[in-house]
Amino acid sequence: MAQCVQSVQEFIQDSFVPMVAVLCSEDAEKVTRKNNLNFSELLRPFCRLTSEGHMRDPNNQVQVVKNLRISVNNVVTRPSVPTSGVHGPAQRRLLSEVVSACQPAEGGVANVITAGDYDLNISDCSVKASVPWYSDWRDTLKELSTSKHYTATTPWFEAYRESFLQSMPASDHEFLNHYLACLLVVSSSEAVPVEQFLKLSQEQHRIQHNGEYTNPKWFIPNTLKYYVLLHDMSQGDEQRADSVYEDMKQRYGSQGCYLLKINSHTAAAGTDEQIPDPWSQYLNKSSRQSQVRLDTHLYIVDIVLLFTMFCLSDGVSVNSLDNTHPLQLETAIDMPGSLDSLRADAVETKTTTVYTGVAAVTSHGACLTLNDHNRLRLFIQEFTFRGLLPHIEKNIRQLNDQLVSRKGLSRSLFSVTKKLFGGGKVPEKSIAELKNTSGLLYHPEAPELQIRKMADLCFLVQHYELAYSCYHTAKKDFLSDQAMLYAAGALEMAAVSAFLQGGAPRPYPAHYMDTAIQTYRDVCKNKVLAERCALFSAEVLKSQSKYSDAATLLIKMTSEDSDLCSALLLEQAAHCFINMRNPMVRKFAFHMILAGHRFSKAGQKRHALRCYCQAMQVYKGKGWSLAEDHINFTIGRQSFTLRQPENAVSAFRHILTNDSQQTSTQQGAFLREYLYVYRNVPGVREVALPQLPLPCINSSATRVYFGHERRLAEGEKQAATHVSLDQEFDRDLAAVWQDLEEQVVAAANRGLVPSTFYPTQCCLNSQTDNLHFPLAVVEEPIIVEVAFRNPLKVPLVLSDLSLLWKFTLKDFSRPQPQDIMVEDAVTISNEKEARLKLLPRQTGQLNILGLVYNLASTPSTGDSTINTTAGTSVRGRQDLEIQGPRLNQTKEEKTSVSHGPDRRLDPTITPPMPLLEVFFLQFPTALLCGEIRKAYVEFCNVSHVPLCGLRVASTHPDFFTFGSSSLATPLTPLSPTSFENCSAYKTLATPPGATPGSVTAVTLVSAADFGSGGGGVFGTGGKRVAEIPLGEGTLTPGESTQLPLWLRGPDQEGVHEINFLFYYESAEKGGKISHRVLRHTVFICASRSLSIRATACRSNTLPEEEREEGRNGSMLVFVDVENINTSEAGVREFHIAQVSSSSKQWRLHKCINPAEDKDCKLTTRERGKLCFRATRCKPHEEKYTFADLSLGNEQIISSTTPCADFFFRRCQPSESWRPLIAVETQGRHSRSQGAGPGGGAEDITGVVRKCNEVDLDIIVLWKAFVVEDNKQVILEGQLHVALQTIGKEACSLTQKEKQDLWSDETKIELFQLPPPTTRPSMEQLSHLIKTNLHYPESYSHPFVQKSLCMVPVTLMLSNCSLAQVDAIIDLRHKTTSPESLEVHGSFTWLGQTQYKLQLRAQEVMRLPLRAGFLHAGVYNLGTPRVFAKLADQGAMCETSQQTATPALIIINST
């Protein structure tokens, strides 16, 4: 229970005080009216005695009376009104005004109660600190809780309690509020004052003893009359007044009269003296209360009462809301005419409240001085001590003497008196009925009532012990007579007397109070007396820290009869819960909600709002969304009713922004009420557009696009994809684009990336780097995509969306940036994006701040048509505040939470730049692996600035080529119309008489002519970047140009994503933007075509013979071609049209087995084998030798575009790892030639490897015949095979594999392999020496004549290395396998069986041998074992040199 200003003892004492009546003459009233007061009002501030009084009890013991207060009232006679047990309308209105007038003081000291884990602000500050829109509520409560704690007070409850007790009518069953004395007041200006006293005395006697008046009620028949002569000091004759007073003392005695002099203030007196006004706190309460209520109810017609807006319907009154459950959310009902009826109620409320009487602000006691105040105070003291207390003491003695004289005559103290005066009882009902009613009435002189009178007198003069004894005795008598009303009154006062006894001789009998309350309420049906009893008992229990019992009692006393009373009791019960030893905070909040609901029903809107706000402190942030919704909804309604628009809008905003669990119907009602409040609150949009709560904006998901939207494809033209807001951001792909841009920027800046380089970002989002200010171009739009989320289950309608921005000019011209609204109306059901455009007109700094839009709800009916003008819509804004990435670099940043800037909404507007658009013509979507196709690219400059430096970079540079600028290709079609069935290659007819399979052309080509520096695509020379040739190097504004583009199908089947990055610069240098880029992505589906495998073998021809033939070395190349196409593309057959070679050391010389029908045709799954002889080329620095071997009627010039371009752009091992590995090898070779045998281990390895290296690339050109739309189409293509090592098979990339063999990961793994071993492998050593046997193919010998046949054989040894080699020839080796013996037979080498030789670099040595045969037959002479090692390398093992082919000889017998 809330803390009261008074203690419990003071409160009870002031509730029961001696009552004194006042009768004034007319002249006396005139004297007091000079001060705007009547006589009783004049005395009221001085009715509390400041000194102690004394009296003697019946035992002649002195009884001290402390802090006594008397109540002085004018005598008011009115007809007798039957006691109904409930308050009448006038009393209800008075109590309501008293509570309404008492509100928490604005800016007062905050009351904070620490209850468990909560710091509850129980004051007017709670309205501020607990509502959801107050962002610093937690800090405020923490600050308050650390200061001095104040117990919560509820002055409105105390005011209600005081008015309630004062307004209680006098009752016959008790005498506490009966008048004990009467003041007869006569003015000294009367002609004969004594006669006026006589008249007043007779009037009092008539009122008391004549049965005409039942009110007021008098305590005892012999009422004390006290005669007061009132003298006006400003007018009357003071001497006459004194003489009259002397006469009065002679007539009435000095203790029965008094001369009171007032109005000493005169006009001549100083006006600077400040006289206090002690009457203001007692008088005209109702007038002041009405003034307070006037501010609440004077509401203009346009601002209608919101809490009935959606609840009024035809035939339903506002009072129907009173029966709703306090926690039930009011469902808004859209009914026709409800707003009209609502406005009518508002007008009626205004009419009935505007004209309530409001007293003008008047001063009281204007004619009184401080001396007059003292005279009034002295008068009350004299009257009380010399008149009233002696009178009470006298009556107590008389009653006690009467009662004691009859003591002991029967079963109780007054049993005999009851028998003698039994006729005084007037039972109105039977005994059975008396048990349940208060129908038993006593005669005024009945002994039971005499006991009650004595008890009440003792109680009034604070003699609580004697009072308790009398109450206890009377209680027994009343209960025995079944007089329940009297018994309940005796029980109530007995309990109070027991509590007030000093020293607490006996415990507080709480059961007395419980019985009294139950009797009042259930038996006597008197709710007023029950409520008074409960108020006393609750205060007593609270003072004894029995808060649980007090709360239970208060809750029991709530009923549907009085909403105001129930609200106050529930609030006090709530305070009891948080004052317990273990505070029950949730019960506090729940009962505050109930109290707020009852306050609302009672019309106490301010108190209702306060209760809900205090409860919100407990419910907030606990996940009880439904309870929070109810509280905020009620706060919003009450705030709107009380003309607190900001609080109302904020409360409704909180309901809408939370993740509500309400139904869609309820959410729609919330939204409509919010919009209604927003629209009908004046002044809410006067300063600036307010923040709207809906829809939720995911600021971090905001995307910003710089530039024009790309034009759509025109006819057969396919526009570059570039970047758009429809594409999802891919971090890995963004890294690829950045890498491409770095490469092309490096290529444009002589191989170096500038330190100021920053990758181009056309579309910014939460995953991009937004630490820098983005750059936008003037006259190019900026598109902002905002992500909306609707947290409600009802659609929202947004209209007239526009961006809110700020622009700072960088030069002296005046800017006119203009915003373009791209969304007229957007309906948001769940999540949706809106795109808005800004078109900058001038250079400067732009800051995009937020959005401005109209918010409306969809119609509640089934009509889904959006009509934002007819419905309720509001205009507001939302700011776009994007939090940057968390900083985590330094130690301070890691230990704290700090975020960097996010500048995606702060672009810098730069001067005009060129703008490129790219279109592709006849660009295929599907190709065969290795297929060559010709397309066209159109470049358009759509800006007003010329562009230059056009380049392109790609992730697949082997996929396309623009051709070589140094080599013209006049024989290829120059326009798209001449493309059909024309070859993409430069072709010539085969010269007449040319042998099929022979070399038709040999050409020397430099790799630099095709944009290659000799390295592969992964080299450091920027081989992914190609310059695009423009006519004059620039593209003027509005100009377009069309260039051919050759494409080659990827070597692996599957779908390939190929990225192009077009780079261009402005012809006007010095701009803030150095370059611009345009992205394009294509997807190519590659199908299988041919698989090629090739092997190189050493020719057995000796070097001398090769020199004689002019070939300078030769080898055999075997090429296997297999058709692995599965006819998916409709390919019928492949023709091998030509085989070309490219190398710096070798070239194809001749096809050994050409097909008879010239073309080599392969149908599905067929395989062909071709054998070529290759010869060495004359060495040319950095030039490749292209040799073409045509197998048909046409010769394709492989050294020109596009064949040579794709050869140099090929993605194959020979060119990919050779720049990194083979270059060092070549260096070692050059060093080893001069180092000789004494070189290091690395030189030895290089020498050995050089023996086996072959640097020869085979280019297989094919044609495929495809049937499309019943028409045959010829497709062309080329495949590459790189031969590396003698005897090791090489093949084109396996087309079945999906992964790219030379991806970045593979390159990293390849380049991170452990360094090669310095020790040459056994296979490498086996090729140091090439051997050859020279012998006759057949030899005849007469075995009959001579049994031994000796044949001369020459063993040719050729050192293939560039170092000196030691060789060992062992002739003891024989073939022991049975298969060899069966076929070839056995023979014997004659003479020396082992030779040790030394061969210089590339030396050829002849070793004569003899073979002996005993029989005719076929023999294999290839049995000698040859071992070789590098000279002076003793640690190395000797390795056998095997001959390439068997050496068969036929021995004939003659």
Do side-chain atoms of [X] reach the backbone of [Y] as a donor and acceptor pair under 3.5 angstrom?
| X | Y | result |
| --- | --- | --- |
| Gln1195 | Ser1190 | no |
| Gln1278 | Ile932 | no |
| His1341 | Lys1346 | yes |
| Ser1198 | Asp1188 | no |

Note, [X] side chain near [Y] side chain (heavy atom, < 4.5 Å):
| X | Y | value |
| --- | --- | --- |
| Leu1279 | Arg1048 | yes |
| Thr1354 | Leu1407 | no |
| Val1426 | Ile1368 | no |
| Val1404 | Met1356 | yes |
| Gln1392 | Tyr1395 | yes |
| Leu1397 | Leu1357 | yes |
| Asp1370 | Phe1427 | yes |
| Tyr985 | Pro1202 | yes |

Working note: Phe1186 + Phe1207, criterion ring pair (Phe, Tyr, Trp, His ring centres under 6.0 Å); need CA distance, chi angles, decisive distance, verdict.
CA-CA 11 Å; Phe1186 281 80; Phe1207 166 73; 5.5 Å; yes

Between Leu1090 and Ile1124, is the side-chain contact (heavy atoms from CB on, under 4.5 Å) condition met? List the steps.
CA-CA 6 Å; Leu1090 298 177; Ile1124 60 175; 5.9 Å; no

Rounded to the nearest 0.5 Å, how far apart are [atom1] of [X] and [atom2] of [Y]?
| X | Y | atom1 | atom2 | answer |
| --- | --- | --- | --- | --- |
| Leu1170 | Ile1152 | CG | CD1 | 10.5 Å |
| Phe1343 | Gln1345 | CZ | CD | 12.0 Å |
| Tyr1184 | Asp1257 | OH | CG | 8.0 Å |
| Ile1259 | Leu1189 | CD1 | CG | 12.0 Å |
| Glu1122 | Cys1291 | CD | SG | 11.5 Å |
| Ser1340 | Ile1450 | OG | CD1 | 10.0 Å |

According to ring pair (Phe, Tyr, Trp, His ring centres under 6.0 Å), who are the partners of Phe1413, at least two apart in sequence or on a separate chain?
Phe1387, Tyr1419

Any chance CD of Gln1394 has more than 12 other-residue heavy atoms, nucleotides or ligands included, within less than 6.0 Å?
yes

Is there a donor in the side chain of [X] and an acceptor in the side chain of [Y], or the other way round, less than 3.5 Å apart?
| X | Y | value |
| --- | --- | --- |
| Gln1398 | Gln1364 | yes |
| Asp1255 | Ser1143 | no |
| Trp1389 | Thr1423 | yes |

Could you report the tightest heavy-atom contact between [X] and [Y], atom names first, then the distance?
| X | Y | answer |
| --- | --- | --- |
| Cys1349 | Ile1451 | SG-CG2, 4.5 Å |
| Cys1203 | Leu1261 | SG-CD2, 4.1 Å |
| Asn1123 | Ser1089 | OD1-O, 3.5 Å |

Apply the test side-chain contact (heavy atoms from CB on, under 4.5 Å) to residues His1135 and Trp1262: give CA-CA distance (whole Å), side-chain angles for both, the deciding distance (0.1 Å), then the verdict.
CA-CA 5 Å; His1135 289 212; Trp1262 51 264; over 6 Å; no

Residue list, salt bridge (charged side-chain N to carboxylate O under 4.0 Å, His left out) with Arg1147, at least two apart or on another chain:
none

Ile1197 vs Thr987, test: side-chain contact (heavy atoms from CB on, under 4.5 Å). Steps then yes/no.
CA-CA 6 Å; Ile1197 307 301; Thr987 58; over 6 Å; no

Quick one, Ile1092 with Val1119, criterion side-chain contact (heavy atoms from CB on, under 4.5 Å). Give me CA distance, side-chain angles, the key distance, then yes/no.
CA-CA 7 Å; Ile1092 300 176; Val1119 179; 3.8 Å; yes

